[in-house]
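Notes follow the structure.
We name chains A, B, ... by the order of the sequence lines, and we start the count at 1 in each one. Hydrogens, waters and symmetry mates are skipped; everything else that's a heavy atom, side chains included, is used.
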There are 2 protein chains.
Amino acid sequence: MSAKLWLTQLQENGYRLTKARSAVVEIVQKSLRALTPVEVYDMARKKYRALGLVTVYRTLEKLEELHLIQRVHQPMGCQAFISAGEGHQHLLLCQNCGQVAFFEGDDLDILTKSIAKKTGYKIQEHWLQLFGLCANCRVN
Amino acid sequence: MSAKLWLTQLQENGYRLTKARSAVVEIVQKSLRALTPVEVYDMARKKYRALGLVTVYRTLEKLEELHLIQRVHQPMGCQAFISAGEGHQHLLLCQNCGQVAFFEGDDLDILTKSIAKKTGYKIQEHWLQLFGLCANCRVN
DNA sequence: ACACTTATTGACAATGATTTTCATTATCAA
DNA sequence: TTGATAATGAAAATCATTGTCAATAAGTGT
Ligand SMILES: [Mn+2]
Ligand SMILES: [Mn+2]
Ligand SMILES: [Zn+2]
Ligand SMILES: [Zn+2]
């Protein structure tokens, strides 16, 4: 999905198209690693100087609401966002450079059924996240 | 593990045994759901009125350091702690009452190997967390 | 039991992150 | 072009966490 499409999505949901939003979207959409609000602010201000940090927060809020981005939880902190995968996907994070890869096709059915039986819980959701080293960082 | 054992652990690691710590430990150790620092503060103050919130933070810090508690990440927030499981375990959270259950015996080897091959990543860790309804909340 | 050393405490202040308020501005439908 | 109003950035407010510090209490040795 391109930045243009994100902006369209915003418009289609009744939000106006502004320079501030464009700048934020452009940064977040193409980032390969999760960014914090301040990081987005710093980077996006290179494209649009007048941008305010508050607007970054507000824009991220809307992008999350539209499922265009998702929050990334990490040992070091949980306030970073990354362009969201489509459908049911999971994250694989490089512990060195932060690069995020998506993967799908996990089959946790057997596991969840077994856990459900053992614990008596009705399982409705799961979070799975892998950590490691990306191809680049692995060699260096 | 009992509250008494936690206090012993603290002592064995050179920390002194105090009323403040006892109160915090007693609350956190027996809780079936993850508690935030303020929740711990409110609950522990019923046992020890003079307790300060700062001490709760400091005690939780030490308990985490000794792996007696662990941070719980949830959609609503990531600043709650629960008595830690032993060894490699995962969490199962009740979305209604917050009750936490541990489980082990997940076998993600096949999955991680497949992902490693596909992505080129070297996988070193994983986070797995299940969400659902506990036996009680399921019926009510 | 007592005295001594020093870790621990709670109050308060400082910081950092996020949210709210508000007057001004810019978007977009008419 | 105009007008209604969503969106903006600055500043202030709130909330969570961390740092400072003088007073206190835990544990050690006597
Ligand atoms: Mn999955
Ligand atoms: Mn596991
Ligand atoms: Zn990397
Ligand atoms: Zn429940």
Side-chain angles (χ1 to χ4, degrees), chain A residues 4 6-28 34-66 68-69 71-81, chain B residues 4 6-28 34-66 68-69 71-81:
Chain A
K4 209 151 270 175
W6 284 26
L7 295 172
T8 307
Q9 287 272 4
L10 283 167
Q11 271 191 314
E12 282 174 358
N13 285 81
Y15 296 119
R16 292 180 181 175
L17 187 40
T18 70
K19 286 176 188 175
R21 277 173 190 163
S22 297
V24 170
V25 162
E26 221 164 295
I27 294 300
V28 178
L35 301 174
T36 64
V38 176
E39 283 174 330
V40 173
Y41 174 67
D42 289 337
M43 296 168 76
R45 251 163 61 88
K46 285 172 188 152
K47 294 185 178 289
Y48 180 58
R49 257 279 132 60
L51 179 65
L53 177 57
V54 182
T55 302
V56 173
Y57 275 96
R58 290 189 281 226
T59 304
L60 291 175
E61 200 173 82
K62 285 168 183 60
L63 292 175
E64 190 180 22
E65 176 193 314
L66 298 178
L68 293 170
I69 62 173
R71 185 179 296 269
V72 175
H73 298 259
Q74 286 178 271
M76 43 189 309
C78 305
Q79 52 297 302
F81 294 85
Chain B
K4 211 152 268 175
W6 284 27
L7 295 172
T8 306
Q9 287 272 4
L10 282 167
Q11 270 191 314
E12 282 174 359
N13 284 81
Y15 297 118
R16 292 182 181 174
L17 187 40
T18 69
K19 286 178 187 173
R21 277 172 189 163
S22 297
V24 170
V25 161
E26 218 163 297
I27 294 301
V28 178
L35 300 175
T36 64
V38 176
E39 283 174 331
V40 173
Y41 174 66
D42 289 337
M43 294 167 77
R45 252 164 60 88
K46 285 173 188 152
K47 293 187 178 290
Y48 179 58
R49 255 285 133 58
L51 180 66
L53 177 57
V54 181
T55 301
V56 173
Y57 274 96
R58 291 191 280 227
T59 304
L60 291 175
E61 201 173 81
K62 285 169 183 60
L63 293 175
E64 191 180 22
E65 177 192 315
L66 298 178
L68 293 171
I69 61 172
R71 185 179 295 271
V72 176
H73 298 260
Q74 286 177 269
M76 43 190 308
C78 305
Q79 52 296 304
F81 293 86

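For A/Arg45, the side chain to side chain contact (heavy atoms under 4.5 Å, CB included) test picks out A/Tyr41, A/Arg49, A/Leu51, with sequence neighbours left out. Qualifying side chain to side chain donor-acceptor pair (under 3.5 Å) partners for A/Tyr15, counting only residues two or more places apart in sequence or in other chains: A/Glu65. Not a single side chain to side chain contact (heavy atoms under 4.5 Å, CB included) links A/Glu61 to another residue, sequence neighbours left out. With sequence neighbours left out, A/Glu39 forms a side chain to side chain contact (heavy atoms under 4.5 Å, CB included) with A/Arg33, A/Leu35, A/Thr36. Taking the side chain to side chain contact (heavy atoms under 4.5 Å, CB included) definition, one finds that A/Val54 meets it with A/Arg58, sequence neighbours left out.
Within the 4.5 Å cutoff, side-chain heavy atoms of B/Leu10 are placed close to those of B/Leu63.
Along DNA chain C, read 5' to 3', the first and last nucleotides having any atom under 4.0 Å from a heavy atom of chain A are C/dA17 to C/dC28.
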Name the pairs: protein N/O against N/O of nucleotides 27-29 of chain D, kept only if under 3.5 Å.
{"from": "D/dG27", "atom 1": "OP1", "to": "B/Gln11", "atom 2": "NE2", "distance (Å)": "3.1"}
{"from": "D/dG27", "atom 1": "OP1", "to": "B/Leu17", "atom 2": "N", "distance (Å)": "2.7"}

Give every pair of a protein N or O atom and an N or O atom of nucleotides 19-21 of chain D that lie under 3.5 Å apart, one pair per line with the distance.
none

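If you measure from atom CD of A/Glu61 to atom C1' of D/dT8, you get 15 Å, rounded to the nearest angstrom. When rounded to the nearest whole Å, the span between NZ of A/Lys19 and C1' of D/dT8 equals 13 Å. One atom, OH of B/Tyr41, and another, C1' of D/dT18, lie 16 Å apart when rounded to the nearest Å. As rounded to whole Å, 13 Å separates atom P of D/dA7 from atom CG of A/Leu63. Protein atom OH of A/Tyr57 is 13 Å distant from nucleotide atom C1' of D/dT14, rounded to whole Å. Rounded to whole Å, atom P of D/dT18 lies 12 Å from atom NZ of B/Lys62. Across the protein-nucleic acid pair, A/Leu7 atom CG and D/dA7 atom P stand 13 Å apart, rounded to whole Å.
Scanning residues 44-53 of chain A for heavy-atom distances under 4.0 Å to DNA chain D yields A/Tyr48, A/Ala50, A/Leu51, A/Gly52.
Within the model, atoms CG of A/Leu68 and CG of A/Leu60 stand 11.5 Å from one another, a figure rounded to the nearest 0.5 Å. Rounded to the nearest 0.5 angstrom, A/Leu66 CG and A/Trp6 CH2 are separated by 10.0 Å.
The shortest non-hydrogen separation linking A/Gln79 to A/Pro37 is O-CD, 3.2 Å.
When the side-chain nitrogen and oxygen atoms of B/Arg21 are compared with OP1 and OP2 of D/dA26, none of them lie within a distance under 4.0 Å.
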Sequence neighbours excluded and cut-off under 3.5 Å, please list the side-chain donor-acceptor pairs for residues 16-27 of chain A, or say none.
{"from": "A/Thr18", "atom 1": "OG1", "to": "A/Arg21", "atom 2": "N", "distance (Å)": "3.1"}
{"from": "A/Arg21", "atom 1": "NH1", "to": "A/Arg16", "atom 2": "O", "distance (Å)": "2.8"}
{"from": "A/Ser22", "atom 1": "OG", "to": "A/Thr18", "atom 2": "O", "distance (Å)": "3.0"}
{"from": "A/Glu26", "atom 1": "OE2", "to": "A/Lys47", "atom 2": "NZ", "distance (Å)": "3.3"}

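If one axis is set at each end of the helix from C/dA1-D/dT30 to C/dA30-D/dT1 from five pairs, those axes are 40° apart, to 10°.
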